[in-house]
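Quantities reported herein were computed from a predicted structural model and do not represent experimental measurements. Numbering of ligands and ligand atoms starts at 1, following listing order.
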Amino acid sequence: MNDIDARELRNCFGKFATGITVITALAPDGTKIGLTVNSFSSLSLDPPMILWSLDKRSNSVDALKAAPYFAVNVLASDQMELSNNFASPSDEKFVGVDLIDSDYDLPLLSETVAYLECKNSGTYEGGDHLIFIGEVVNFKIGDKKPLLYANGQYAVAARHPGTKLADPVIGEKASSDDFIIPLLLRSFWEISDPFYQELLDAGIPVAHARILVHLSHTPKLTARQIADAIRVDIASVSMSVSWLCDNGHLTKLDNDCLILSDQGHILLSDVQCRAERFEQEVLDGYSAEEIDLLKSMLRKLIYRKDV
Ligand SMILES: Cc1cc2nc3c(=O)[nH]c(=O)nc-3n(C[C@H](O)[C@H](O)[C@H](O)COP(=O)(O)O)c2cc1C
């Protein structure tokens, strides 16, 4: 070999972002075979053909060469665990894995983005790998987001911010989905309603939580000042403040200003932990770039006088 560094070459290959598939088949003795593969590629439309390559050191080489059919299961963004499972040498890869029916008796993974059932058309030599060619005999597409692999890491797909959204049809009236205020309101309700319900179920009314959060940023405020700042009526804020004082979460100073007690800080960190976990759930499936863009747009809207 020339002076190409194998590790660097691997890193270079990794710069090419791919989806992730699990190739599955039945060995001649009926054993299910499956391994994670990102070397999959479409090959031909007519006839319909695909290819992928297999490391010659794989435990599954002989069984896959002998299998008359194999399936390409294209993983969805919520199937990272499946990818890791099928990327490790084990006899128990299929334990607890949900399968769906196949006309070709193939182990098809459920809830994938798509699958292709292929007739095994043979292999070609490809250095330390074998190139498998498959003739597509059946396929199905779902509507989930694909799991990606780029730079040696799992990733999710997002529309590039530089691409334009489809233009609205000329002459069509703008729907409420085209105006920013209804969009902001609806997204707020969609996210906040279940979160506030979770807080309530934990015995923390939303007004309590908002008062604690606000006082942690700006201590020593009166109930009136808090009400103005968080835009909640003074009667509700006064009731919450009384409860929080009576239960030791807030301390009232001589000038009626309020500060968080140690107990208040504990309740606040409970609220913040719940909020962090909830936010992770809400943002699951969005890329880091999308999340950064959303946050920066919202900050620009909030502080628009300053930008
Ligand atoms: C993201 C990812 C992509 C992979 N792509 C391939 C591939 O294209 N070909 C291959 O032979 N192994 C690939 N592997 C490694 C195999 O999944 C892994 O070696 C597996 O254990 C082989 O199956 P075996 O246990 O039957 O040998 C990949 C692993 C990961 C995590």
Exercise. Would a 4.5 Å heavy-atom cut-off, applied to side chains only, mark N38 and T21 as touching?
Worked result: no

For this session: Identify, with sequence neighbours excluded, every residue that meets ring pair (Phe, Tyr, Trp, His ring centres under 6.0 Å) alongside F278.
Result: F195

Problem set entry | Aromatic ring pairing F132/W52, orientation class (parallel under 30°, perpendicular over 60°, tilted between) | parallel

Exercise. Do L258 and L221 touch side chain to side chain, with heavy atoms closer than 4.5 Å?
Worked result: no

Exercise. Would you say T24's side chain and P107's backbone share a donor-acceptor pair under 3.5 angstrom?
Worked result: yes

For this session: Say whether S58 and D55, considering side chains only, have a donor N or O and an acceptor N or O under 3.5 Å apart.
Result: no

Seminar exercise, completed: Counting only non-hydrogen atoms and a 4.0 Å cut-off, the residues near ligand 1 are I20, L35, T36, V37, N38, S39, S53, L54, D55, S58, N59, S60, F86, A87, S88, P89, K93, Y149

